[in-house]
Participant: 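Let me begin by handing over the structure; questions about it come next.
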Amino acid sequence: MKLVIAEKNIAAQKIAQLLATGKPKNDKVYNTPVYRFDVEGEEWVSMGLAGHILAPDFPDEILFDKKEGWYSLTEDGEVLNAQVPDGLARPPYDTKRKPFLANGINIKGWKVESLPYLTWAPIIKNPAEKEIIRVLKNLAKKADSVVIATDFDREGELIGSDALSCVREVAPDVPVSRARYSALIKGEVTEAFNNLVELDQNLADAGESRQYIDLIWGAVLTRYLTLAKFGGFGNVRSAGRVQTPTLALVVERERERMAFVPEDYWQIRGMAAAKGADFKINHATARFTDKDAAQTAFGHVDGVVAGTVTDVAKRSRKQQPPVPFNTTSLQAAAAAEGISPARTMRIAESLYMSGLISYPRVDNTVYPRSLDLEGIVKGLAANSPALAPVCKKVLAGPMKPTRGKTETTDHPPIHPTGQGDPTTLDSGQLKLYNLIARRFLATLMGPATIENTKVSIDVAGEPFTASGDVLVDAGFREAYPYGLKRDEQLPALDAGDVVDVHDVNLEAKQTEPPARYSQGKLVQEMEKRGLGTKSTRASIIERLYQVRYLKNDPIEPSQLGMAIVDALSQFAPRITTPEMTAELDEDMTHVAEGQDTQTHVVDHSRALLAGMLDNLIEHKDDLGEAISDAVTADARVGACPKCGKDLVMKQSAKTRGSFIGCMGWPDCDVTYPVPSGVKVSPLEGDAAVCPECGAPRIKCQPFRQKAYEQCVNPKCPTNYEPDLKVGECSVCAEAGRHGDLIAHKSEKSGKRFIRCSNYEECGVSYPLPARGKLEATGEVCEHCGAPVVVVETARGPWRICVNMDCPGKEKKEKPARGAKGAAAKGSTAKKTPAKKASSSKKTTAKKPAAKKTTSKKSSSAQ
DNA sequence: GCAAGGTC
């Protein structure tokens, strides 16, 4: 039996299909899919790994041994030594230091003083994919020969080399060869298997050097930053070859913004009307940099009510259809639609696994000739009714696909497969699927034609212009409406026409600093600078958010993020720039070409890091202080009204809950609750202090809603709301009592809720939205009998039934998510009346809970 | 409980 080892399941499956005489048989070994097939009478089996199956790490215990050398590793009685190669700077060691734990069970085992040892510590490779390794060994034992058919790149060679080392453990003598193919197509793969070669150990060593250097620098600097000022568990301050330069990009942009000096300019803008249509007009001088000139011009037109059209110019321009998606361009396009790169990859992975889209990790932007474009469009038309009309148009057209700049042959650009049922997708999946499907169709369509009309208007001797864009031929835009500017339609005008002019204003403006990065732009910038790969960029950005170096979108660095970059730029500048990656790539090339060795390259890198450690350790306290100050600054919400110290967001050690507390504690005991469901940030200047009570005023940002400002003190008169009767309690009425439903606002937490005046008896309460003026309507809900109130929101009045479990609400939800959402909601909302009711042991009180449960079940079942 | 790289 011949064993073929591929990098991933899909490749194993494809290889089987391409090489098999007849059809391959899908089989499983311990739940891992394998493919059994026949090649000219010989029995073959292919299996996919899951990327790297071994992970580099430091051994659990590294003991320093001054007799044996710089360090020795004891493991199963075996003593290994590694010497610093000649010609490399040795860090100054204190040879009297005690043994240390490199991989302590907890952070207590980490010591800044032990970092020089860690820098020179040996690295072992642990099994990371135990199931896969088990299957691999199982099959290798039975194999007469093995072919490594991982991807044709550096990491692929390393993954293959790791697999080989696993194979060797059970089959020391089995012949092993390597198949190199750069596209999963028949010609390439058969060619590769007809011309098998040896595994390129130099190339694998190059990949492994990359692993080691990343681990050493990452672990040493992360431990250093984390220990410089230990902020408690869960507060790791990470650093790395890719993440730190990426953070530095964001910090650099923020610094440019802070250093930016805005310039004043003035604009004269107004409205005009003709033939029943209103349109915008601007002074032909788009920006006046001279205030006097602007005022003079404005003086001429202020109060003037008519203008004369002097010229109408039309120009049509073509907009070319977009090129096929690769990973980066998909991430950028999805980010513009509000899906972060990391979420895009998670969703894309799920769509790929369900067979709706092609492999999502690609650089290629050129469809291979072998791709059946027409078949895919036909499949889309059949499976997506919404896309069918556009598909029809595409099929009728010449269907000449666009091409991007990057052409590789390993995988096609990201495209829909045309298979699978998109109606089963959840809303996030559907949004991304539509983007991918529509992009695919757009790449097969013609350009869009946009007609621009520029109207020149004379207003009291001052030149004004109006501009209109109209899509006259949609072309690809019919399939791909993303990022489309709205049409600015102008009425049909001719020179000499007179238009009404109104609302002309002189506006004082300032130039804007360079924009912050969006997540999409940052991914593109990383690619441009050679930072990370298509598979890692999204998760690296997510990581920077997770360790709270970054916040918001567009991306801002936190004070902590800036402090980290400052500190590392000073003491370990190499880690903060993209050059480390560039130099690493160069070293890797040398190792791959046999001009250098893994040991030399890695040790050289260790020496560079070791050379920075003295300085880092010496400045540990300065850096700890800078980090500590930055963390406080990030948590600050305002000034304490009692002692003037900073009020910051804190975590209760007991309950793990958040609260706002004074940095002066224990001398000052001022605390406030944190408004729930919103992101809190401080206000600046006069707005930062409440004129009524002196407590800080804060900015509250609810998820995807308008931000508002309020005083943090729930007892402040500005937060006071009188109790309001909103209806009568139906549970009490049924029990022959009278109960009023009253809306309260808790003084302690600031939360609003409705509670029956007989709450002890009936246990009836409902939550209320945190914001918006409440009004009672006296009406009850037609679905559940709970009171209906009006909440005044930023978007206008909103009539709601106060019952979160009301069956009338769930009808709107889609069945796939509705069932889940209803169940989750039900469990929390049901609790309030039911739990309270059982504690007061009133049988009548159980009724509403039971009723709710049944109505919910019926509604989620539909 | 440290990185970056694969992929599930």
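Numbers restart at 1 for each chain; the letters A, B, ... are given by sequence-line order, proteins then strands.
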Participant: Any donor-acceptor pair under 3.5 Å linking the side-chain atoms of A:Arg241 with those of A:Thr581?
Facilitator: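 There is such a pair between these side chains.
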Participant: Would you kindly give the CD1-to-C1' distance between A:Ile53 and B:dG6, to the nearest whole Å?
Facilitator: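 That distance rounds to 11 Å.
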Participant: At under 4.0 Å between heavy atoms, what does A:Gln211 touch on the DNA or RNA strands: base, sugar-phosphate, or nothing?
Facilitator: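 Base, at least one base heavy atom under 4.0 Å.
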Participant: Any side-chain N or O of A:Thr533 less than 4.0 Å from the OP1 or OP2 oxygen of B:dG6?
Facilitator: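 For B:dG6, OP1 or OP2 has a side-chain N or O of A:Thr533 closer than 4.0 Å.
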Participant: Does B:dG5 have its OP1 or OP2 closer than 4.0 Å to a side-chain nitrogen or oxygen of A:Arg210?
Facilitator: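 No.
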Participant: When you check the phosphate oxygens OP1 and OP2 of B:dT7, does a side-chain N or O of A:Tyr359 lie under 4.0 Å from one of them?
Facilitator: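 True: A:Tyr359 side-chain N/O within range (under 4.0 Å) of B:dT7 OP1/OP2.
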Participant: Quick check on B:dA3: is either OP1 or OP2 less than 4.0 Å from any side-chain nitrogen or oxygen of A:Arg543?
Facilitator: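 Checking B:dA3 against A:Arg543, a side-chain N or O does come within under 4.0 Å of OP1 or OP2.
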Participant: Given atom CE of A:Met580 and atom P of B:dG5, what is their separation to the nearest angstrom?
Facilitator: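 The distance from CE of A:Met580 to P of B:dG5 comes to 11 Å, rounded to the nearest Å.
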Participant: Rounded to the Å, how far apart are A:Ile213 CD1 and B:dG5 C1'?
Facilitator: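 The answer, rounded to whole Å, is 14 Å.
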Participant: If you check the A:Thr222 side chain, which of B:dT7, B:dG5, B:dC2 turns out closest?
Facilitator: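 Looking only at heavy atoms from C-beta outward on A:Thr222, the closest nucleotide is B:dC2.
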Participant: Taking the minimum atom-to-atom distance to the side chain of A:Lys8, which one of B:dC2, B:dG5, B:dT7 wins?
Facilitator: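 Taking heavy atoms from C-beta onward, the closest nucleotide is B:dT7.
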Participant: Determine whether more than 12 heavy atoms belonging to other residues, nucleotides or ligands lie under 6.0 Å from atom CD of A:Gln595.
Facilitator: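 Yes, enclosed.
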Participant: Assign A:Gly218 to base, sugar-phosphate, or nothing according to its heavy-atom contacts below 4.0 angstrom with the strands shown.
Facilitator: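 Result for A:Gly218 = sugar-phosphate.
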Participant: Do the two ring centres, one from A:His619 and one from A:Phe571, sit under 6.0 Å apart?
Facilitator: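 Ring centres of A:Phe571 and A:His619 closer than 6.0 Å.
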Participant: Between A:Arg361 and B:dG5, is there a side-chain N or O to OP1/OP2 distance below 4.0 Å?
Facilitator: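 Result: no.
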Participant: Do A:Asn26 and A:Tyr35 meet the criterion of a side-chain donor-acceptor pair at a distance under 3.5 Å?
Facilitator: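 On atom types as modelled, these side chains do not qualify, holding no pair under 3.5 Å.
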Participant: Below 4.0 angstrom from OP1 or OP2 of B:dG6, is there any side-chain N or O of A:Ser535?
Facilitator: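 It does, given that an N or O in the side chain of A:Ser535 lies less than 4.0 Å from OP1 or OP2 of B:dG6.
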Participant: Between A:Thr536 and A:Leu49, which residue's closest nucleotide on DNA chain B lies nearer the 5′ terminus?
Facilitator: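 So the residue in question is A:Thr536.
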Participant: Nearest whole Å is fine: how far is B:dG5 C1' from A:Lys125 NZ?
Facilitator: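 The answer, rounded to whole Å, is 10 Å.
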Participant: Expressed as a whole number of angstroms, how long is the span from A:Ile123:CD1 to B:dC2:P?
Facilitator: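 So the CD1-P distance, A:Ile123 to B:dC2, works out to 17 Å.
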Participant: Could you state the CD-P distance from A:Glu155 to B:dT7, rounded to the nearest angstrom?
Facilitator: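 Between P of B:dT7 and CD of A:Glu155: 10 Å.
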Participant: Nearest whole Å is fine: how far is B:dG1 C1' from A:Leu225 CG?
Facilitator: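 To the nearest whole Å, that distance equals 15 Å.
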Participant: Measure the distance from CD on A:Glu157 to P on B:dG6 and round it to the nearest whole Å.
Facilitator: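 So the two atoms are 14 Å apart, to the nearest Å.
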Participant: Answer yes if the side chains of A:Thr365 and A:Glu407 hold a donor-acceptor pair under 3.5 Å, and no otherwise.
Facilitator: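 Not at all, the side chains of A:Thr365 and A:Glu407 share no donor-acceptor pair under 3.5 Å.
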Participant: Closest to the A:Gln243 side chain: B:dT7, B:dA4, B:dC2?
Facilitator: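 For the A:Gln243 side chain, the nearest candidate turns out to be B:dA4.
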Participant: Students often get this wrong, so: under 4.0 angstrom with heavy atoms, is A:Gly156 touching a base, only sugar-phosphate, or nothing?
Facilitator: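 No contact.
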Participant: With a cut-off of less than 4.0 Å, is there a side-chain N or O of A:Ser238 near OP1 or OP2 of B:dA3?
Facilitator: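 Result: yes.
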Participant: So, using salt bridge (charged side-chain N to carboxylate O under 4.0 Å, His left out) as the criterion, who are the partners of A:Arg253 when residues are at least two apart?
Facilitator: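 For A:Arg253 the salt bridge (charged side-chain N to carboxylate O under 4.0 Å, His left out) partners, ignoring immediate neighbours, are A:Glu256.
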